[in-house]
Structure formats: C-alpha cells, structure tokens
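Chain letters run A, B, ... following the sequence lines, proteins first, then strands; residues in each count from 1. Computed from a predicted structure; not experimentally measured.
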Protein chains: 2
Amino acid sequence: MSTKNKILDAAESLFANKGFNGTSLREITGQADVNLAAVNYHFGSKKELIKAVMSRYMNELSPRLEGALRQVCEIESPSLIDVFSAFIDPLLSLNKFKDNGTSNFLQLLGRGYTDSQGFLRWFLTTQYPGVIDNFVLAVQKSYPELSAEEMFWRLHFTMGTVVFTMSSSDALIAIAKSDFDRELQISDVIRNVIPYVAAGVGAPMPLKR
Amino acid sequence: MSTKNKILDAAESLFANKGFNGTSLREITGQADVNLAAVNYHFGSKKELIKAVMSRYMNELSPRLEGALRQVCEIESPSLIDVFSAFIDPLLSLNKFKDNGTSNFLQLLGRGYTDSQGFLRWFLTTQYPGVIDNFVLAVQKSYPELSAEEMFWRLHFTMGTVVFTMSSSDALIAIAKSDFDRELQISDVIRNVIPYVAAGVGAPMPLKR
DNA sequence: CGTTAGTTTAAACGCTTGTTTAAACTACTT
DNA sequence: AAGTAGTTTAAACAAGCGTTTAAACTAACG
C-alpha cells in the first residue's frame, strides 16, 4: 500500500471520529505508520488532505447517486420514499469500496458542515452540483405542489437531519444497543431516517398567514 | 458588569460561531477585555467554562419548557403540532434574557453534539432530564402507537433538524432574502420547521421486515 | 557504474494552546 | 492604620500544533 493511501485511510477514520480540528497530523501519520512530513510532501497541507479524503468518496459516490436519482425521475409517479430510497444503494456501495466506507463518509459529511466554518460545504456544493440538481428534480416530480420556497426550507431541514444524525451515528448505535439491545449497522440508521425525512418533505403546505 | 459575566458573554458568542475546539481562551479574554488568567481563576478550566455557558441558558430555559410541555399534556388530544409549538415561546424568551439569545443557544446546542466527542450531550441529558422526559410524555400522548424505539430515533432526527437548521439560520435567512425577497426572523425559521418535524415524528410506523 | 528524480526521514522551526505562578492591586474588617 | 481575603495582572510554563529544512535513502535510466 502506498504512503499516500495509508495517509488517506488513517486520516479518514480519525477525521470521522474526532473531527477535522480535533485530529492532528501526528495522530494521522502515527496511525498510518508513516513519517510526519509525508502529509505535507504528498498533499501540501492539512486542508488539502481534507479535500482529498472527501474527493475520494465523492468521485465514487456522485455518479452512482446522480444515476439513481435520474432513474427515480423516470418512474410514472414516484413517491418521496422512492426519492430518498435512491440514496440507499449508492451509499451502501461505499462499504464495498472500503471497510466502514458508508459510515465514515456520512460522518465526514456531518463534520464538514459544522467544523471548519463551512469551507467544506462550499467545496462540495461547487464541486458536485449535479447531485443536488438531480435531487431537486426528483422531489419536484414526486411533490409538484411544493412551492420553490417551501422546497428550499425542507431540503435544508432534510440536510440537517441526515448530516446531524450521521455525524453522531456511532453514539446513536451505542445507545440503541444499551437501551433496546439492538445490534444496528449504519445501513439500519439510513433505513430508519428515510420515513422521517420523506414525511417531513411531504408535509402539507402550511396555510398562508 | 462582573468579570465572570464578561467572560460568559464573550465565550458564548465565540463558542456559537466557531465551536468549542475552535475558540481559544485568548480570543475569549480578548473580546471580554479581561486578563487571560481570569478564566482559570473563576471557572477552573475551559471545560468548566463550557458547562457554565450552557448552564446559564438551561437554567433559564428548562423550567419554562417543562411547564409548556406539561400544559400540552393536559390538552384532550394534542397534535404533534401542539407539542412542537410548545417550544416556540420558551425559546423566543431567550431573546429577552439576552441579545441573540435564541440563536446563540441553539447553535451552542449543535456544537455540543458534534464537538468534544459528546461530553456535552452527557452533561445535558444527565443534568436536565426533566425536559426530555416531559417531551417524551407529550409525544406519547399525541401519538400513542409510536414504539419506544421508534420514538428514540425520531426524537434524535428532530434534534438534528432543529440544531442544524438553527446553527445555520443566519445563512438560511440571507438566502431567503436574496432568492425569495423575504425578510425573515429567527422566529419565522422556528415556525417553518415545526410542520416538518411534526410530520417526521408523525410518520406512519414502518412495517417490520 | 554514476546520475538523477522521487521519496522518506529526523530534526527543528515558529507559533498557539491551556494552565500555573507569584506579585500587585482593591476593598473591607479589626 | 494594619491586616486580610478576594481579585486582577504580567509573565512564564510545558506541550502540542502545522509546516519546513536538508540530509539520507531508493530505484530506474543512460
């Protein structure tokens, strides 16, 4: 395994578990069994390393996700459950791509929205706009009465639900184990959240005041 | 204004905007116009300062919130909209208690769940269990078919929606202004999120697989 | 074999972090 | 007026941070 990949792997799991700010380059290179200076040699800086970790996943995920969402748009009259279920397979495919891939990626996404004052949010929305566009199209097709303004709000609420849930999914899984004696996986968390966000986005249009 | 309160005020706004890890004691004491050592003298450590910032809000909020939720339980058959609407007044009352209080508090709550590996979650759930208990009771009364396990998940999803939305409420309000020419307040955001979370929590129980 | 480009290494850099120290200052009591 | 408890202050502390340097190593090519 190349030094570059050893760094990426170690950085990924540490970033996911402790956040970007909370993880030092010395922890990363220590876990990767690699010299400290290797990060700056191969990636230039810590910030570029963060981007590289995210890009590795996004390049794998975004074509699959766009494809799945386009497929939903071809259904006669898709439900919102259909729309959100389109995320399942692409997300779970990250587990074949890498051990704990799905979980790590979703946690990283959550970190990216709260750590680092949103520079990662900017990076993702500008580098991978196709995902969002196809998602909006799919929601419009399954709930045409939803106004653009209401859509805007509900998609942000949904983003919040998913990102927040996934960034603390480890803790949630642990609680589910101790309180309900359930051995859950990240895939169970994904399946659990779908009815919730589908119902939220599908809520009736509120009456104008 | 006492040194202690100057520190609390500065820490609160910096923590809300940059996170706990992302804010140094020197930034705090600088903004508070107070000597660096004053933090350790008055609070003992940075960790204790974080707790103190949160406690100041929780002590103000939790009795009002518990009262409002208990009132909901006395309604004949409360809707989930009733339950979540019970949060509006207590949360907005934080704005009278302190400038930007509502917004700061909700952002801090979000930080507490992602920064610092969840020690703040532990702190809040153990120190202020009454809020959660009354909230669960109210939801149970308005949706008795919801199992305890499903309730656990949906309440966490709701927490995510609210916390994430509020922590980025400034950005959302700005976008609503530029895209839809709407002049919104934090109270409008709160009212906007209520139908979403009410529908999410009220989603039909999924079929067992 | 010698050269060269690419990579790894140990050490140090300058800077920031949270915390501690001991002296200075303040205000109230005896 | 002297003493004392509480508070504020400047300075230093040890530790950790991201980054840089220059020397050592590796492997392939002419």
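Evaluation of the ring pair (Phe, Tyr, Trp, His ring centres under 6.0 Å) test over residues 24-45 of chain A, restricted to residues two or more places apart or in two chains, returns none.
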Going through the checks in order, is the ring-ring contact (aromatic ring centres under 6.0 Å, His included) test met by B:Phe157 and A:Phe157? CA-CA 10 Å; B:Phe157 298 154; A:Phe157 298 156; over 10 Å; no
Nucleotides 11-17 of chain C: which of its N/O atoms have a protein N/O under 3.5 Å away?
unit_1, atom_1, unit_2, atom_2, d
C:dT17, OP1, B:Ser24, OG, 3.1

Review item, nucleotides 5-7 of chain C N/O atoms under 3.5 Å of protein N/O:
unit_1, atom_1, unit_2, atom_2, d
C:dT7, OP2, A:Tyr41, OH, 3.2

Got a list of protein N/O to nucleotides 26-28 of chain C N/O distances below 3.5 Å?
none

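Remark: B:Phe97 engages B:Tyr57 in a ring pair (Phe, Tyr, Trp, His ring centres under 6.0 Å) (not counting sequence neighbours). With sequence neighbours excluded, no residue forms a salt bridge (Lys or Arg N to Asp or Glu O under 4.0 Å) with B:Lys6. Residues meeting the salt bridge (Lys or Arg N to Asp or Glu O under 4.0 Å) test with B:Glu74, sequence neighbours left out: none. The ring pair (Phe, Tyr, Trp, His ring centres under 6.0 Å) test applied to B:Phe152 returns A:Phe180, B:His156, not counting sequence neighbours. Applying the salt bridge (Lys or Arg N to Asp or Glu O under 4.0 Å) criterion to B:Arg64, with sequence neighbours excluded, gives B:Glu60. Residues passing the side chain to side chain donor-acceptor pair (under 3.5 Å) test with A:Thr102, sequence neighbours excluded: A:Asn95. Residues passing the salt bridge (Lys or Arg N to Asp or Glu O under 4.0 Å) test with A:Asp82, sequence neighbours excluded: none.
Rounded to whole Å, the distance from CG on B:Asn40 to C1' on D:dA12 is 14 Å. Between the NZ atom of A:Lys47 and the C1' atom of D:dT19 there is a distance of 15 Å, rounded to whole Å. In this structure, A:Ile28 atom CD1 and D:dC17 atom C1' are separated by 12 Å, rounded to whole Å. With rounding to whole Å, B:Lys4 atom NZ is found 13 Å from D:dG6 atom P. In this structure, CG of B:Asp33 is placed 13 Å from C1' of D:dT8, rounded to the nearest angstrom. If you take CD of A:Glu48 and C1' of D:dT19, they are 14 Å apart, rounded to a whole angstrom. Counting to the nearest Å, the C1' atom of C:dT19 and the CD1 atom of B:Ile7 are 14 Å from each other.
If you check the side chains of B:Thr165 and B:Tyr196, you find no donor sitting under 3.5 Å from an acceptor. Donor-acceptor pairing under 3.5 Å is recorded for the side chains of B:Thr161 and A:Thr161.
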Taking Watson-Crick and G-U wobble pairs with both distances under 3.5 Å, convert DNA chain D into its dot-bracket string, 5' to 3', dots for unpaired and | for cross-strand pairs. ||||||.||||||||||||||||.||||.|
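Across all their heavy atoms, A:Pro90 and A:Ala68 have their closest contact at CG-CB, 4.1 Å. For the pair A:Ala32 and A:Ala10, the tightest heavy-atom approach, listed with the atom from each and the gap, is CB-CB, 3.7 Å.
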